[in-house]
Amino acid sequence: MATGKFFRDIELPQQKPQDNGFLFPAVLSPNHNTGSTAVEELHDFEEAIRVQKPWLESLLQKSGAILFRGFPVATPSDFNTVVEAFSYAEFPYLGGIATRTKVVGRVYTANESPLHIGIPFHHEMSYARDFPTKLFFFCDEEPGEGGETPIVLSHIIYEKMKERHPEFVSKLEEHGVAYTDFASDENDPSSFTGRSWKSIFKTNDKNVAEERAAKLEVKVEWVGNGAKLTSATLPAIRLDEESSRKTWFNSLAVGSDAVVEIGNGDPVPDDAVEDYLKMLEEECVAIPWKKGDVLLVNNLMVLHGRRPLLKPPRRILASLCK
């Protein structure tokens, strides 16, 4: 594989080979040791992204995710520079249910729930009509132990679930899924889906919240100071057009207070969820974070989660792209 002059492939023990001959995820490092300053090296990285963007996008489509390791990305501002070098449009986090705070530019905290609590596998905003297609993560503070961001190829989960639970998957494909959740009027930092309705819709005005919810095809019912939010029926299985593969694009097992139903009103069978959770653990890749790592994820192809942090510190930042 020709990676050009700037990038070189490296292999890590956690990577998994795919049936297309590529490793998941791809891991790239700098192909040089110039003795340049960190500022010059960051500029070179930025330029290489711009020049080799078609090749990087091709690699992302084949591998599902790219981990950039060993590049001079030391600060949130450096990370913002890297994100902007790809020139993807920013995704506005309207309707998202995780608590996140802007750090700089297009960079936000990834999820502010307690780090000792894991986050189940999910496609970012699969519970919404509109969702980001690409995600960037950055390791600002390397975890002491644990705290990985495991990733898994969604088409593999779809294929295995179809093999194991064909009737259930057929129902999902025909009817889709609907999500119902409750949002209070204050953020709940103890929950990974603890965003208040005021944060979700970026307003304190209930009328404005209803208008914004309607644009997102979300029905709002006011319960005291809180809101019961019910999505329109959404696809549970999506086609990744680039690869012509179906992906398991839903939030059936997010593990929060959300109620998930098949679009025809049927409940989701417990045994299917149990098998799904086992498959995720069997098929996922969890590479321990290193300071300065940047992970680019194709959100249409790959589910991600968060392993519980066993030993602090840990600070992972994120940027979402259309």
Side-chain angles (χ1 to χ4, degrees), residues 9-18 22-29 59-60 63-71 73-74 76 79 82-83 98-100 103 107-126 132 134-157 189-193 247-248 251 253-256 276-299 301-320:
D9 282 311
I10 62 170
E11 292 190 13
L12 300 176
Q14 295 88 356
Q15 288 170 287
K16 290 192 175 180
Q18 297 187 54
F22 283 77
L23 289 172
F24 174 71
V27 184
L28 298 179
S29 278
L59 180 61
L60 180 66
S63 294
I66 302 173
L67 175 65
F68 296 92
R69 173 162 285 181
F71 295 92
V73 189
F79 174 48
V82 171
V83 172
T99 306
R100 305 172 71 231
V103 178
V107 175
Y108 289 77
T109 54
N111 188 303
E112 295 180 12
S113 61
L115 293 172
H116 67 277
I117 299 171
I119 296 177
F121 283 97
H122 59 285
H123 286 279
E124 193 66 34
M125 295 187 70
S126 61
K134 295 173 187 71
L135 320 172
F136 288 89
F137 296 100
F138 165 61
C139 181
D140 191 27
E141 281 189 287
E142 187 176 315
E145 186 183 348
E148 300 94 341
T149 300
I151 51 177
V152 61
L153 284 161
S154 192
H155 74 269
I156 293 174
I157 302 301
S190 70
S191 169
F192 60 83
T193 57
T247 66
W248 187 262
S251 297
V254 291
S256 71
Y276 166 57
L277 294 175
K278 284 178 193 164
M279 288 172 193
L280 289 167
E281 286 304 321
E282 288 166 5
E283 297 297 332
C284 77
V285 170
I287 297 172
W289 284 109
K290 286 193 176 297
K291 166 72 178 169
D293 280 352
V294 174
L295 177 65
L296 170 56
V297 174
N298 182 325
N299 190 41
M301 295 174 65
V302 174
L303 297 132
H304 70 279
R306 184 180 77 192
R307 293 265 170 90
L309 183 66
L310 303 176
K311 185 180 175 187
R314 177 194 192 269
R315 191 177 197 230
I316 305 300
L317 304 178
S319 186
L320 311 184

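The residues of the chain are indexed from 1 along the displayed sequence.
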Looking at CD1 of Ile316 and CG of Leu295, how far apart are the two atoms once the value is rounded to the nearest 0.5 Å?
9.5 Å
In short, Pro25 meets Ala65 closest at the heavy-atom pair CB-O, 3.4 Å
Would you say the side chain of Gln14 lies within less than 4.5 Å of the side chain of Pro150, judging by non-hydrogen atoms?
no
For Arg100, the salt bridge (Lys or Arg N to Asp or Glu O under 4.0 Å) test, sequence neighbours excluded, returns none
Thr109 versus Leu317, closest heavy-atom pair with distance:
CA-CD2, 4.0 Å
Spatial distance of atom OG1 (Thr247) from atom CG (Leu153) [nearest 0.5 Å]
10.5 Å
Under the salt bridge (Lys or Arg N to Asp or Glu O under 4.0 Å) test, which residues partner Glu283, sequence neighbours left out?
Lys160
d(Ser29 OG, Phe71 CZ) to nearest 0.5 Å is 5.5 Å
First locate atom CD1 of Ile66, then atom CG of Leu296, and finally report the distance between them rounded to the nearest 0.5 Å.
5.5 Å
Closest heavy-atom contact between Leu28 and Leu59?
CD1-CD2, 4.0 Å
Under the salt bridge (Lys or Arg N to Asp or Glu O under 4.0 Å) rule, collect the residues that match up with Glu141, sequence neighbours excluded.
none
Over all heavy atoms of both residues, which pair between Gly64 and Val302 is shortest? Give the atoms and the distance, please.
O-CG2, 3.4 Å
Residues which pass ring pair (Phe, Tyr, Trp, His ring centres under 6.0 Å) with Tyr276, listed by chain and number, not counting sequence neighbours:
Trp248
One pair to check against side chain to side chain contact (heavy atoms under 4.5 Å, CB included): Phe24 and Ile151. What are the steps and the verdict?
CA-CA 9 Å; Phe24 174 71; Ile151 51 177; 3.6 Å; yes
Please walk me through it: do Cys284 and Glu148 pass side chain to side chain contact (heavy atoms under 4.5 Å, CB included)?
CA-CA 11 Å; Cys284 77; Glu148 300 94 341; over 6 Å; no
Separation between NE2 (His122) and CZ (Arg306), nearest 0.5 Å, reads 10.0 Å
Could you list the donor-acceptor pairs under 3.5 angstrom formed between side-chain atoms of residues 285-293 and any protein atom two or more places apart in sequence or on another chain?
from   : atom 1 : to     : atom 2 : distance (Å)
Trp289 : NE1    : Thr149 : OG1    : 3.0
Lys291 : NZ     : Ala74  : O      : 2.8
Lys291 : NZ     : Asp140 : O      : 2.7
Lys291 : NZ     : Asp140 : OD1    : 3.2
Asp293 : OD1    : Arg69  : NE     : 3.0
Asp293 : OD2    : Arg69  : NE     : 3.4
Asp293 : OD2    : Arg69  : NH2    : 2.6
Asp293 : OD2    : Lys290 : N      : 2.9

Spell out, as yes or no, whether a donor-acceptor pair under 3.5 Å connects the side chain of Asn111 to the backbone of Ala98.
no
What's the separation between atom CG in Leu309 and atom CD in Glu145, rounded to the nearest 0.5 Å?
9.0 Å
His123 side chain vs Asn299 backbone, donor-acceptor pair below 3.5 Å
yes
Which pair of non-hydrogen atoms, one from Ser319 and one from Val83, has the smallest distance, and what is that distance?
OG-CG1, 3.6 Å
Closest non-hydrogen atoms of Pro143 and Arg314, given as atom of the first, atom of the second and distance, are CG-CG, 3.7 Å
Donor-acceptor pair, distance only, cut-off 3.5 Å: does the side chain of Gln18 make one with the backbone of Ser63?
yes
I'd like to check the ring pair (Phe, Tyr, Trp, His ring centres under 6.0 Å) partners of Phe79; sequence neighbours left out, ordered by chain and number.
Phe138
